[in-house]
2 protein chains.
Amino acid sequence: MSFDTRIPIYLQIMERIKKDIVSGKLKGGDKMPSVRAFAKELQVNVNTVQRVYQELEREKILYSQRGIGSFVTSNEAIVEQIKEEMARELLGNFVRGMRELGFSKERTLTALQAYMEGEQDGSVKG
Amino acid sequence: MSFDTRIPIYLQIMERIKKDIVSGKLKGGDKMPSVRAFAKELQVNVNTVQRVYQELEREKILYSQRGIGSFVTSNEAIVEQIKEEMARELLGNFVRGMRELGFSKERTLTALQAYMEGEQDGSVKG
DNA sequence: CCTGGTGTACTATTTACCTATAACAGTGGT
DNA sequence: ACCACTGTTATAGGTAAATAGTACACCAGG
């Protein structure tokens, strides 16, 4: 995994984990890698992973048990809530951003359709 | 203007200016506020504004003249190029993000339509 | 000429993030 | 009891961003 130097690493890892949970790659009850193993895998310090798990636990997305490990929540309502939050944020950022660039709703919609049809083209002139 | 503490302030100010240029709020030849005035207005340090102008000059979006001021480029081609870049980035982030959340292209499109129709509703269940 | 406004440059300090390293605390298997 | 694994906490150091403050360079108007 590579990181965007402009954004704190721990936030990027959190996003990645949340996406994996929301999309189903990680399921309720799944055991996360140990802080040390994950740190090694991500080429990152143990403290950074620790912070990730801590923050995600604060958000009720993970729970950690000393001596045992960290696990994905089995509370589907929370997962669904996170999914809606993340989708709403994506939608909001996108719509607001396009509006700020001067795109109407219609143009935004057609631009998205064009972009999806051919990401090899991707022309967004206008 | 308020700032997201997770992202460098100078980048946020740059984005804001670029959006204003692309959308036509700022036009070619327009004089930007002086670094000191802008810093005061944004409740930010002079050095931060200076960095903003410097970076935007590097991107050929502004040009600065010592003793006179900083001005928006009159090169429409550059403005158009920036607009396409920014739109493509928004589209890419959005589409990739939704895909990572497990949304198909069709669901992404319908979610966007639903979001735009009623931002008072904004349900994105699925 | 000089004054006020402009961009530009430099130093020093603070803060958040990341790192390295070590130690402490709890669990489970042998 | 021991040991290997787990999460957790603590200390110290490095870097980038933002800050405050100062100074320099340039231009236009009175």
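Throughout, protein chains are lettered first and strands after them, A, B, ... in sequence-line order, and every chain is numbered starting at 1.
Among the nucleotides D:dT6, D:dT9, C:dG7, the one closest to any side-chain atom of A:Gln50 is D:dT9. Comparing C:dG7, C:dC17, D:dT8 by their nearest atom to the side chain of A:Glu57 picks out D:dT8. When each of C:dA9, C:dT27, C:dG7 is scored by its nearest atom to the side-chain atoms of B:Asn47, the top-ranked nucleotide is C:dA9.
Electrostatic pairing of B:Glu80 and B:Lys83 does not count as a salt bridge here, judged by no charged N lying under 4.0 Å from a carboxylate O.
Spacing between atom CG of A:Asn45 and atom P of C:dA20 amounts to 6 Å, rounded to whole angstrom units. Distance, A:Lys40 NZ to D:dG7 C1': 18 Å, rounded to whole Å. Atom CD1 of A:Ile68 and atom P of D:dT8 are 11 Å apart (whole Å). With rounding to whole Å, B:Met32 atom CE is found 17 Å from C:dG5 atom C1'. The distance between atom CD1 of B:Ile13 and atom C1' of D:dA17, rounded to the nearest whole Å, is 12 Å. One interatomic measurement links the two molecules: CD of B:Gln54 to P of C:dT8, which rounds to 7 Å at whole-angstrom precision. Taking atom CG of residue B:Asp4 and atom P of nucleotide D:dA17, one finds them 15 Å apart after rounding to whole Å. Distance OH (A:Tyr63) to P (D:dT8): 13 Å, rounded to an integer number of Å.
A donor and an acceptor atom sit less than 3.5 Å apart, one in the side chain of A:Arg36 and one in the base of D:dG7.
Residue contacts for A:Arg51: at a heavy-atom cut-off of 4.0 Å it reaches the sugar-phosphate backbone alone, with no base atom in range. Residue contacts shown for A:Ser70 are limited to sugar-phosphate atoms, with no base heavy atom under 4.0 Å away. When heavy atoms are screened at a 4.0 angstrom cut-off, A:Val44 is found touching the sugar-phosphate backbone but no base atom.
With rounding to the nearest 0.5 angstrom, the CD1 atom of B:Ile78 is 10.0 Å from the CD atom of B:Glu59.
Put simply, the side chain of A:Phe94 reaches to within 4.5 Å of the side chain of B:Leu91, judged on heavy atoms.
A sub-4.0 Å separation between OP1 or OP2 of D:dT6 and a side-chain N or O of A:Ser34 is present. Distances shorter than 4.0 Å separate some side-chain N or O of A:Tyr10 from OP1 or OP2 on C:dC17. The side chain of A:Thr48 places an N or O atom within less than 4.0 Å of a non-bridging phosphate oxygen (OP1 or OP2) of C:dT19.
Cation-pi geometry between A:Lys105 and B:Tyr115 is not met: the NZ or CZ atom fails to fall both under 6.0 Å from the ring centre and inside 45° of the normal.
With DNA chain C read from its 5' end, the first of the two nearest nucleotides for A:Arg66 and A:Leu11 is the one closest to A:Leu11. Where B:Gln65 and A:Gln43 each meet DNA chain C at their nearest nucleotide, the meeting point lying more 5' is that of B:Gln65.
Defined by atom type and a distance below 3.5 Å, a donor-acceptor pair is missing between the side-chain atoms of A:Glu117 and A:Gln113.
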